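Just below is one structure, and these are the notes that go with it.
Owing to the predicted nature of the structure, the values given are computational and were not obtained by experimental measurement. The figures here come from the full heavy-atom set of this structure, side chains too, leaving out hydrogens, waters and symmetry mates.
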Amino acid sequence: MKLVVGGGAILDVDEIFNAITELAGGSGCRIGVIPLASESPYESWKNHSMVFEKSGAKPILVDLTLENCNVNAFSSEIVNLILSLDGVFFTGGSQDRIVKGLIVDGNETPALKAIKMLFLSGKVISGSSAGAAIMSNPMIYGGMDMDVMVGRGLGFLRDGELIVDQHFIQRGRFPRLFEALWKTNVRIGIGVDEGTALKVVDDICEVIGRSIVILIEMKYKDSFKLSYLSRGDSINLNNFEVHVGVGKKLMEKPKDKSKGKTYSFDILNPQGFRNTIDKLYRSEEGVVEALVMRVLEDRDNEKIGYAYRFIFEKGADTAFYSEVGDEKVVSAKNINLRVERKPMKLLLG
């Protein structure tokens with residue numbers, strides 16, 4: 001199995017495209033770019049062809065768009081082209097377009113069957129944003145929080161065992177992954193942030209890029225294990241154990257501990273999430289409570305909606321890591337996390 005699962009906004013991250021090219025065989029490899037998810041497919045093809053050329057690959061347009069899929073997804077010419085490739089890349093846009101274009105009346109089109117044959121032969125399947133969402137089955141189609149829409153994906157990454165989300169921290173999608181797990185009873189969620197990807201070879205997922213990946217494992221309905229991963233860290237898909245990258249050091253107990261109850265109100269952006277993990281590391285009580293409030297009705301002096309309460313806790317096996325020579329948390333594993341969603345009413349004035 002060879003996959004690269006990108007979190008979106010990766011066009012300027014050479015490391016990710018270099019990884020795809022390397023997995024596909026290196027300089028001169030033929031990467032088929034599938035712009036099916038995009039509203040402007042040929043512009044998307046042009047942008048991605050330039051970055052693949054920079055990485056040394058030979059990009060090939062696989063002409064599948066929502067407008068032509070009723071013909072091209074059944075074309076023997078497209079099927080033969082796909083089977084001749086060293087790998088494919090699904091661009092960003094709407095994951096719903098990918099599924100609608102490649103699965104018709106519940107049946108896989110010849111184009112999708114060819115892509116799956118390519119995958120089973122050991123060629124690389126890659127994508128970013130919408131092209132990452134389709135890697136899992138079930139798949140998040142859209143929506144936020146309780147309105148998250150979950151349905152059939154393409155299932156290249158451990159079909160039926162996990163759900164992938166993308167643009168994860170940058171677009172505040174942390175709560176919706178929990179909702180997706182609750183709706184489907186899937187135990188594992190992986191959130192890939194922008195500018196970041198998972199490079200998957202066989203059963204090992206390695207984090208590459210410049211931001212973070214969040215691994216969530218549901219133990220009970222409101223109880224989870226969370227790991228906060230950065231470049232060089234990896235996940236073993238057989239048991240979902242985390243291995244921290246070489247060059248990072250296990251952090252000792254902090255010298256400047258924070259006392260008393262600790263709160264966080266900004267976990268829906270990258271810096272705020274990093275701050276929350278750092279607060280947990282420095283907390284003497286070993287607990288940080290984070291709140292996310294959503295307003296549905298705004299009536300004069302009261303706001304009605306719901307709130308998420310995330311309680312991050314250190315456990316016996318929780319560990320924090322920094323780069324050598326630094327004291328900033330860059331990775332953490334086995335954080336205990338309790339999650340609640342409750343109705344909320346705020347009275348003002």
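Inspection of the Asp233 and Tyr228 side chains reveals no N or O donor paired with an N or O acceptor under 3.5 Å. Residues Arg274 and Asn269 bring no donor and acceptor atom of their side chains to less than 3.5 Å of each other. Of the N and O atoms on the side chains of Arg173 and Gln166, at least one donor lies less than 3.5 Å from an acceptor on the other residue.
Salt-bridge check for Asp96 with Lys100: passed, with a basic side-chain N closer than 4.0 Å to an acidic carboxylate O. By the 4.0 Å N-to-carboxylate-O rule, Glu179 lies close enough to Arg341 to be salt-bridged with it. A salt bridge does not link Glu340 with Lys221: none of the charged nitrogens is closer than 4.0 Å to a carboxylate oxygen.
Residues Leu36 and Leu61 fall into different hydrophobic clusters, defined by Ile, Leu, Val, Met, Phe, Trp and Tyr side chains chained together at heavy-atom separations under 4.5 Å. Hydrophobic clustering, with ILVMFWY side chains joined whenever heavy atoms are under 4.5 angstrom apart, groups Val5 together with Phe156.
The salt bridge (charged side-chain N to carboxylate O under 4.0 Å, His left out) check on Lys46 picks up nothing, with sequence neighbours excluded. Residues satisfying the side chain to side chain donor-acceptor pair (under 3.5 Å) test with Asp14, not counting sequence neighbours, are Lys54. Legend: residues meeting side chain to side chain donor-acceptor pair (under 3.5 Å) with Ser230, ordered by chain and number and at least two apart, are Lys248, Ser331. Judged as a salt bridge (charged side-chain N to carboxylate O under 4.0 Å, His left out), and not counting sequence neighbours, Lys113 has no contacts. For Arg30, the salt bridge (charged side-chain N to carboxylate O under 4.0 Å, His left out) criterion is met by no residue, not counting sequence neighbours. Residues passing the salt bridge (charged side-chain N to carboxylate O under 4.0 Å, His left out) test with Glu39 are Arg97, sequence neighbours excluded. Residues satisfying the side chain to side chain donor-acceptor pair (under 3.5 Å) criterion with Arg152, sequence neighbours excluded, are absent altogether.
Residues Phe174 and Tyr308 keep their aromatic ring centres 6.0 Å or farther apart.
Judged as a salt bridge (charged side-chain N to carboxylate O under 4.0 Å, His left out), the pairs with a partner in residues 127-151 (not counting sequence neighbours) are, in order, Asp145-Arg294.
Taking OG of Ser264 as the reference point, atom CG of Asp278 lies at 11.0 Å (rounded to 0.5 Å).
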Under 3.5 Å, sequence neighbours excluded: what are the donor-acceptor pairs made by side chains of residues 208-216?
from   : atom 1 : to     : atom 2 : distance (Å)
Arg210 : NH1    : Asp12  : OD1    : 3.4
Arg210 : NH1    : Asp12  : OD2    : 3.3
Arg210 : NH2    : Asp12  : OD1    : 3.3
Ser211 : OG     : Asp193 : OD2    : 2.7

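Hydrophobic cluster membership of Val104, counting Ile, Leu, Val, Met, Phe, Trp and Tyr whose side-chain heavy atoms lie under 4.5 Å apart directly or via other members: Phe74. Residue Val79 shares its hydrophobic cluster (ILVMFWY side chains chained together at separations under 4.5 Å) with Leu83, Met117. Residues Tyr263, Leu291 make up the rest of the hydrophobic cluster containing Phe265, defined by ILVMFWY side-chain heavy atoms closer than 4.5 Å, directly or through other members.
Under a 3.5 Å cut-off, the side chain of Thr196 and the backbone N or O of Val192 do not form any donor-acceptor pair.
Each of Lys225, Glu313, Lys219 was checked for a side chain to side chain donor-acceptor pair (under 3.5 Å) with Asn336, and the lone residue meeting it is Lys225.
Taking all atoms of both residues into account, the shortest heavy-atom contact from Gly160 to Pro138 is CA-CD, 4.4 Å.
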